[in-house]
2 protein chains.
Amino acid sequence: MKKITIGEAARQSGVKVPTVRYYESIGLLAAPSRSESNQRSFEPADISRLAFIRHARELGFEIEAIRTLLTLQDDPHQSCASADAIAKARLIEVEQRIRSLMALKAELEIMMDGCGHGRVDQCRVIEVLADHGQCTHPHH
Amino acid sequence: MKKITIGEAARQSGVKVPTVRYYESIGLLAAPSRSESNQRSFEPADISRLAFIRHARELGFEIEAIRTLLTLQDDPHQSCASADAIAKARLIEVEQRIRSLMALKAELEIMMDGCGHGRVDQCRVIEVLADHGQCTHPHH
DNA sequence: TCTTGCACCTCTAGTCGCTAGAGGATGTAG
DNA sequence: CTACATCCTCTAGCGACTAGAGGTGCAAGA
């Protein structure tokens, strides 16, 4: 029985030390046992859980969604439908976000193209921002 | 001389009432004059400024960037280079964000494809989240 | 005239997901 | 034994608002 310190847990899971404590404080991670000197002592399962959380966060899932995904993981006999729904919702979100960012990109490019690099009073960047009517791209 | 109330200013600029007050509080918008009964009384120029801010926010510029853009707008004899640089930085940010979201989308799609819609213990969604090694897409 | 109801005012606190820092205890290497 | 790293708890801060409490002012209908 090796005792895993919070630092080690952080290193292995890729989650930062204060973030590990934060996850414990919001109940995403069960409070681990403590050593005689009150230091947290994690188990391998905790590392997996932290890695799960980290990966899900990287994929942009919100903490509450992750909480649901974790309870599903904890009870493997449940239907997979909720996990499916959460992932699908996230996919739709991501697709929407990509579309809107592409529109932004187009608008920014138009802005930049029009900039003669002279003085502000000839600057399309400022001008376009000031008057949305000049914005040729219909992103909204 | 018509007096523009905060509600009217909000309606015309598309910025919400509390947000207008917030912008005033952080000095993005000059404090307008007040009526006898202490109500804010805006001028047309304030509406333009609010619309400018709103459009810039829609394009994802941060408040501090907008603050700089506004000072540029206020002094039209300055070089346009700063505005240019801010817009360019934003464009690069947006492009990066699009790339990373595309990678996420791919990973989410792989996850969903593998889901047999059965029970959690056969669910690829949970499984992929739990073990990043299974994530075939090299987005990081 | 009353009263209803809306728009306005200020101020504080909450949101999300951490991150930073204070101030102190403990563990480890030389 | 002395550094120094790591751990502990607690509080406050970030950005850009948003929500709510508690109060004033104003116009229109009964």
Side-chain angles (χ1 to χ4, degrees), chain A residues 2-29 31-42 46-47 49-70 86 89-90 93 97 104, chain B residues 2-29 31-42 46-47 49-70 86 89-90 93 97 104:
Chain A
K2 57 211 165 183
K3 49 188 170 185
I4 305 170
T5 65
I6 194 167
E8 194 52 37
R11 232 162 287 127
Q12 284 180 37
S13 65
V15 176
K16 289 189 211 149
V17 169
T19 308
V20 174
R21 284 195 280 252
Y22 170 68
Y23 288 158
E24 184 189 324
S25 82
I26 61 168
L28 209 55
L29 191 69
S33 57
R34 299 286 184 129
S35 75
E36 290 170 20
S37 57
N38 198 35
Q39 296 196 206
R40 286 172 182 82
S41 179
F42 293 91
D46 297 320
I47 312 291
R49 202 172 173 92
L50 281 168
F52 183 107
I53 297 170
R54 185 191 147 214
H55 193 194
R57 286 294 300 139
E58 276 173 0
L59 290 171
F61 289 97
E62 292 174 4
I63 294 288
E64 285 317 302
I66 295 172
R67 203 188 290 278
T68 305
L69 290 171
L70 283 168
I86 290 170
R90 177 67 192 140
E93 251 175 61
R97 191 92 188 98
L104 291 192
Chain B
K2 56 214 162 182
K3 48 188 168 183
I4 306 171
T5 65
I6 195 167
E8 194 51 38
R11 229 163 291 128
Q12 285 182 35
S13 66
V15 175
K16 288 190 211 146
V17 169
T19 308
V20 174
R21 284 194 280 250
Y22 170 68
Y23 288 159
E24 183 189 325
S25 82
I26 61 168
L28 209 57
L29 191 71
S33 56
R34 300 286 184 125
S35 75
E36 288 170 23
S37 57
N38 199 35
Q39 297 197 205
R40 286 170 182 81
S41 179
F42 293 90
D46 297 319
I47 312 292
R49 201 172 174 93
L50 281 169
F52 183 108
I53 297 169
R54 185 190 147 216
H55 192 194
R57 288 294 300 138
E58 276 173 1
L59 290 171
F61 290 97
E62 293 174 4
I63 294 286
E64 286 317 302
I66 295 172
R67 202 187 289 278
T68 305
L69 290 171
L70 283 167
I86 290 170
R90 178 68 192 138
E93 252 175 60
R97 192 94 187 96
L104 291 193

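The structure presented is a predicted model; accordingly, all values stated were derived computationally and were not measured. Proteins get letters first, then strands, A, B, ... in listed order; numbering begins at 1 in each.
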Review point. Is a salt bridge present between A:E58 and A:R54, judged by a nitrogen-to-oxygen distance below 4.0 Å?
Key: yes
Revision key, fill the gap. B:R21 has its side chain closest, among C:dT10, C:dC18, D:dC7, to C:dT10
**Study point:** Under-4.0 Å side-chain N/O to phosphate OP1/OP2 contact, B:T5 with C:dC8
**Key:** yes
Practice item. Side chain of B:R34 only, please: which of C:dC9, C:dC18, C:dT19 is the nearest? Key: C:dC9
Review point. Counting only side-chain N and O atoms of A:R40, is one of them less than 4.0 Å from OP1 or OP2 of D:dC8?
Key: yes
Practice item. Provide, to the nearest angstrom, the distance between the CG atom belonging to B:N38 and the C1' atom belonging to C:dA7. Key: 14 Å
**Study point:** Length of the line joining A:E64:CD and C:dC18:P, which is rounded to integer Å
**Key:** 12 Å
Check your understanding: The side chain of A:E62 lies closest to which of these nucleotides: C:dG17, D:dC17, D:dC7?
Key -> C:dG17
Practice item. Could you tell me whether the side chain of A:R57 and the main chain of A:F61 form a donor-acceptor pair under 3.5 Å? Key: yes
Check your understanding: Within the structure, does a side-chain N or O atom of A:Y23 lie under 4.0 Å from either OP1 or OP2 of C:dG17?
Key -> no
Review point. Reckon B:T19 has a side-chain N or O less than 4.0 Å from the OP1 or OP2 of D:dT18?
Key: yes
Exercise for review: Could you state the atom-to-atom distance from CD of A:E58 to P of C:dC18 in whole Å?
Suggested key: 11 Å
Exercise for review: Provide, to the nearest angstrom, the distance between the CD atom belonging to B:E36 and the P atom belonging to C:dC9.
Suggested key: 15 Å
Point to revise | Atom-pair distance (CG on A:L50; P on C:dC18), nearest Å | key: 12 Å
Check your understanding: Mapping A:P18 and A:Q39 to their closest nucleotides on DNA chain C, which lands nearer the 5' end?
Key -> A:P18
Point to revise | Candidates C:dG17, D:dA16, D:dC8 - which lies nearest the side chain of A:Y22 | key: C:dG17
Review point. Any ion pair linking A:E24 and A:R40 (charged N to carboxylate O, less than 4.0 Å)?
Key: yes
**Study point:** B:R67 atom CZ: more than 12 heavy-atom contacts under 6.0 Å
**Key:** yes
Review point. Taking CD1 from B:I53 and C1' from D:dA16, how many angstroms apart are they, rounded to a whole number?
Key: 13 Å
Check your understanding: Are OP1 or OP2 of C:dT19 and a side-chain N or O of A:K16 less than 4.0 angstrom apart?
Key -> yes
Review point. Taking atom P of D:dG15 as reference, at what distance in whole Å does atom CZ of B:F61 sit?
Key: 18 Å
Check your understanding: Quick one: A:R67 CZ to C:dC16 C1', roughly how many Å, whole number?
Key -> 13 Å
Practice item. Answer yes or no: does a side-chain N or O of B:R11 lie under 4.0 Å from OP1 or OP2 of C:dA7? Key: no
Point to revise | Options C:dC9, D:dA16, D:dC7, nucleotide nearest the side-chain atoms of A:V17 | key: D:dC7
**Study point:** Pairwise side-chain contact, B:L29 with B:F42, heavy-atom cut-off 4.5 Å (strictly under)
**Key:** yes
Practice item. For the pair B:S13 (side chain) and B:A9 (backbone), establish whether a donor and an acceptor sit closer than 3.5 Å, ignoring hydrogens and angles. Key: yes
Study note, to complete from the structure: Closest to the side chain of A:I6, out of D:dC7, C:dC9, D:dC17, is D:dC7
**Study point:** A:S37 side chain, from C-beta outward: closest of D:dC17, C:dT26, C:dC18
**Key:** C:dT26
Study note, to complete from the structure: Judged by nearest nucleotide, the residue sitting upstream toward the 5' end of DNA chain D, B:I63 or B:S35, is B:I63
